[in-house]
Structures are given as structure tokens and as C-alpha cells.
Amino acid sequence: MREWSREEKYRYLKDPQELAELYEQISKSPYRQTFHNQAVTGLMNDPNGFVWHDNRWHLFYQWCPWGAVHGLKHWYHIVSKDLVTWENLGVCLLPDQEGGYDNKGVYSGSAMPIGDKIYLYYTGNHRDPDWTRRAYTCLARLGNDGWPEKYPLPLFGAHPDYTEHQRDPKIICLPGSNKYYMIIGAQTKDKRGCALIYSSGNLQHGWQFAGELKVPGFENFGDMWACPSIERFDGRDVLLLCPQHITLPGRGGSQNHNGYILGTMDWDSLTFTPDGQFHVLDFGFDSYAAACANNLQEEDKAILIAWMGVPDVEYPTDDEDWSGCLTLPRELTIRGRRLIQRPLPELKKLRDERIPLPENKAGCFVLPRAAEIELDCRPGDVRLDLFVDEEGKGGLSVIYSEEEKQITVDRSGMRIRFNETEGTSRVRPLEFGLFHLRIFVDSSSVEIFVNDGDAVFTSRVFPTDREHFCRISGDTFNRVWTLKPAVKDEFLI
Ligand code: FRU
């Protein structure tokens, strides 16, 4: 693992050509994705500012140009007409080189389109010369010409009653209300995770602190809540959050989680009354900082995209000086006390050919580099071994046990392993058994949708040249498609 000095991590980007060689080198990696958005160079983390505007979807991601390191963060801009094929538009928000409010990073946030502009709300990560951190909530306006104009002053600074960990503004516009809200991830002085609410009658000014969000029963839940948001769909309120530094049952040694609580939000008393427990959004290994699109055309609908990665984890491509990609977009609905996440229907457009599945001596067929696998399952045990070698050894296994009524995803058989300290297998009970699996495989990731969105396992995987076979056993009906490329991996800075 490369050691980065502070100077290297926080080096300002002066000329795109500084990255040309790095890009050339990275584009040769066998792990570059074909239908998932990924860091153009360096590191990608959270998705930000997900909105529909000017006849296309806009999405930004946290981007550190230089390598696989959480250094100087920018907002990189990508667009799509259909949420399936995507284009790079280049860097949008850059940190201020003159010591301004975001001199050491343009951190996560959200967006709201008004007229022909998109308003971008983000955290200015400021460091004083003695490296004291100050968080500012900042605003920029993006015109259709693609140029962002930062407002000279922040909307507000950090609240003095909380630590400097105050970030990730999510802008919320309630239908029928003339008030806007912003929810911000924070930490109390006694190191408890929480969310702060600000409100204003105007998107561009007049923001006032309204109070700390009350979530009865969750007063002591991790030491910081990153990327909180409150979404409303299917007639319910959903609090999404990433509680940090807390261990949770079934989550191995992981300290960072992304989950949700269903409940009812009362904006007058700033109370979110939970209707049940905290659920993780994703049962896999690599998913964090999920963002919901802000202004969907159809009310009561929600689309979510997450970072396919987690903080504090070293990934195998770190040595190639890049890391991070985004999940596929998922449509959210609510069934009972759970969120259901389905791949967007439009993703069927990715299907290229349905392929025959001739088995070799070991009962394996060749797994294409980009593939969708769909299984209808009859009652009984099911086992799927992805990324095994020709002899059917190793790989990532998906095992459903009818007796235990649970599904397990185990990646300990992969030749290239990483982050093993957080555990190598994850389990999810399936009370009513397994009836359906839909799996998306890209060069270095796998997303497993169980029982039509009832559970999702998202994981990065780094198969070697030999790990390109698959074996399926159980009473199942199987279909496999090769998938078309959908991201233009262009060098656009
Ligand atoms: C979550 C996070 C955010 C922060 C951003 C910085 O992954 O730590 O809280 O704004 O990443 O890149």
C-alpha cells in the first residue's frame, strides 16, 4: 500500500494533462467496469446531487484525482438520458486554491434544479494553516453551459454546539410547502451521531438552524451520521443514514453501515418517529453513502444509487491508482416494514444476447465479463458459484439453505481477497424461502438481487484470468445474458 504525504493527497489540479498518463495506465486495467460508473482516475466515493434537469439525469461523484486515497475531493459530473448509458462531463466543483471555504475539499451534498440552473449544496471542507477543520455549507449554481458559479459566502458555518463533523447537506423540498429544509450529518460533543436540520423560505439565502432531528430510540447509534436524508415515497417517510463506528449484528467487523429507518417525519417538531428498527440497505460488502434522486417526475417514486465501496478499506486496484465505482440505479418501494430495491426496468436494455450454457466436465459454464444471470428457484437448496476456475474451484458462492431458510454470500474462495478483517461472508434470513435471483456481473463487481428486490448483496470482486466460470446447482431455471457496455470511459477532466 502506497503511503501518501499530506502534500500529495491535497495537491491542487492545475492542468488536466497532469492526469493523462495516469488515465492511460488505468484504462489498461482488467478491472475497469463496463456498465458501472467509475472513477475517471484516482478515487471515487459518494454519489452527490442526483437530479433530473434539462432532459437528462445529472449525477456527481466525490473524486480525488491523484490515486486511491481520500485526499482533495472534487465533484465530478456525469449525465444520462436513461440511467443506463452514461457520459463523463468532467470535473464540476473544484476546491478553492486560495484558502477559501472549501480549500481542502468539496465534500458531499445534493442538488435542486430551478429554472435553467441546478443549485448544488455541498460541504466546504476547510482547513486552517494549523490543519483545524471547519465545515461550511456552501452553494453553487450550475448553468446549462456546464459552468458552476460558487456563491462567495457559505450559507452557514458549523454549529458551535457540535463537533467539526458536520457535513453532507441534503436539500428537501416538501410538496405544498413554501419552506425548504436541509438535513446535515453531525456528531454531538459527546461523540454521538445525529442529524441537524436547517430551514429557509428561499433556496439561496436565509438558512436558519431549526434544531437537531429527534429520532426516539436512536439517541446513541454510532458516533457520526454521514449522508443522512429523509425521503418520502409509497406514502411513508424513510430516514436514510450512514452511522459510523458501530458494530451491528450480521455485519462482521464492519464499523460503517448504510441503512434506513421507516417512520413518520413531523417537520414542525423535527421528530422522526421510527416504525421499526434500523435495516441495512445492502447485505453485501461494498455499499455506502446511498443517494436518492431529488426531483423525480413521478411523485412517490424513488431511485437510489450508492458508492460501491466503504470507508477505510483498501481495494486491490489501489495499487493501480484508482478505486471506486457506483452501484446500478435501483427503484425503491416499500413493502410492510422493508424497503424493496429493484434494478431499474430500463436496465433490461443492457441485455445483448442470451447465451447457451454448455457445461464442462466440472459442470461449469463460461461466465462473460459483463453478464446478467436470472434464476427462478423451486423449493430446495440452491447454490451458485461465480468466478470459479475451470475445475469449479474457488470463487464467490451464493448458497441458499432450505433448512436454515437463509442465503449466504461468501467471497472467501476468491484468489484476490481484501478487507477480510470485516468478514468474508454475509447472511440474510429468507423467511419465505428463495424463489428468484437476479445477478449483475461486471469486470470487478457483483450485485445480487434476491426475491425481486427483497434483499441486495453488492460486492466488489477482482477475479483473476482463471476465475471466469460459473456453476449452478438446485432446482432452478437459469438464463444468462451478455451485457452491453454502458459507460463511456472517456478522459474528460
Ligand atoms: C462519506 C463521506 C462524507 C463526506 C465525503 C467526503 O463517504 O465521508 O461524509 O462528505 O465522504 O468525500
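Both ligands and their constituent atoms are indexed starting at 1 by order of listing. Being a predicted model, the structure only gives us computed values, none of them experimental.
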K.L.:
Looking at side-chain heavy atoms only, is the closest gap between R330 and D282 below 4.5 Å?
P.N.:
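R330 vs D282: side chains touch.
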
K.L.:
Measure from every N or O atom of ligand 1 to the protein's N or O atoms and keep only the pairs below 3.5 Å, writing each with atom names and distance to 0.1 Å.
P.N.:
residue: ligand 1; atom: 7 (O); partner: D46; partner atom: OD1; Å: 2.7
residue: ligand 1; atom: 7 (O); partner: D46; partner atom: OD2; Å: 3.3
residue: ligand 1; atom: 9 (O); partner: R167; partner atom: NE; Å: 2.6
residue: ligand 1; atom: 9 (O); partner: D168; partner atom: OD1; Å: 3.3
residue: ligand 1; atom: 9 (O); partner: D168; partner atom: OD2; Å: 2.7
residue: ligand 1; atom: 10 (O); partner: S108; partner atom: N; Å: 3.2
residue: ligand 1; atom: 10 (O); partner: D168; partner atom: OD1; Å: 2.5
residue: ligand 1; atom: 11 (O); partner: N45; partner atom: ND2; Å: 3.2
residue: ligand 1; atom: 11 (O); partner: D46; partner atom: OD2; Å: 3.2
residue: ligand 1; atom: 12 (O); partner: N45; partner atom: ND2; Å: 3.0
residue: ligand 1; atom: 12 (O); partner: Q62; partner atom: OE1; Å: 2.6
residue: ligand 1; atom: 12 (O); partner: K73; partner atom: NZ; Å: 2.9

K.L.:
So, the side chain of D266 versus the backbone of T271: is there a donor-acceptor pair under 3.5 Å, distance only?
P.N.:
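Pair absent, no side-chain N/O of D266 close to backbone of T271.
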
K.L.:
In this structure, which one of W131, W4, W66 forms a ring pair (Phe, Tyr, Trp, His ring centres under 6.0 Å) with Y10?
P.N.:
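Going through the options one by one, the only one that passes is W131.
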
K.L.:
Just checking, is any N or O donor in the side chain of Y122 or Q62 under 3.5 Å from an acceptor N or O on the other one?
P.N.:
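No, Q62 and Y122 have no side-chain donor paired with an acceptor closer than 3.5 Å.
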
K.L.:
Using a 3.5 Å distance criterion without hydrogens, assess whether the side chain of N295 forms a donor-acceptor pair with backbone atoms of W52.
P.N.:
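Yes: the side chain of N295 pairs with the backbone of W52.
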
K.L.:
With side chain to side chain contact (heavy atoms under 4.5 Å, CB included) as the test, pick out the partner of Y260 among L239, V280, L281.
P.N.:
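Running side chain to side chain contact (heavy atoms under 4.5 Å, CB included) over L239, V280, L281 with Y260 returns exactly one hit, L281.
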
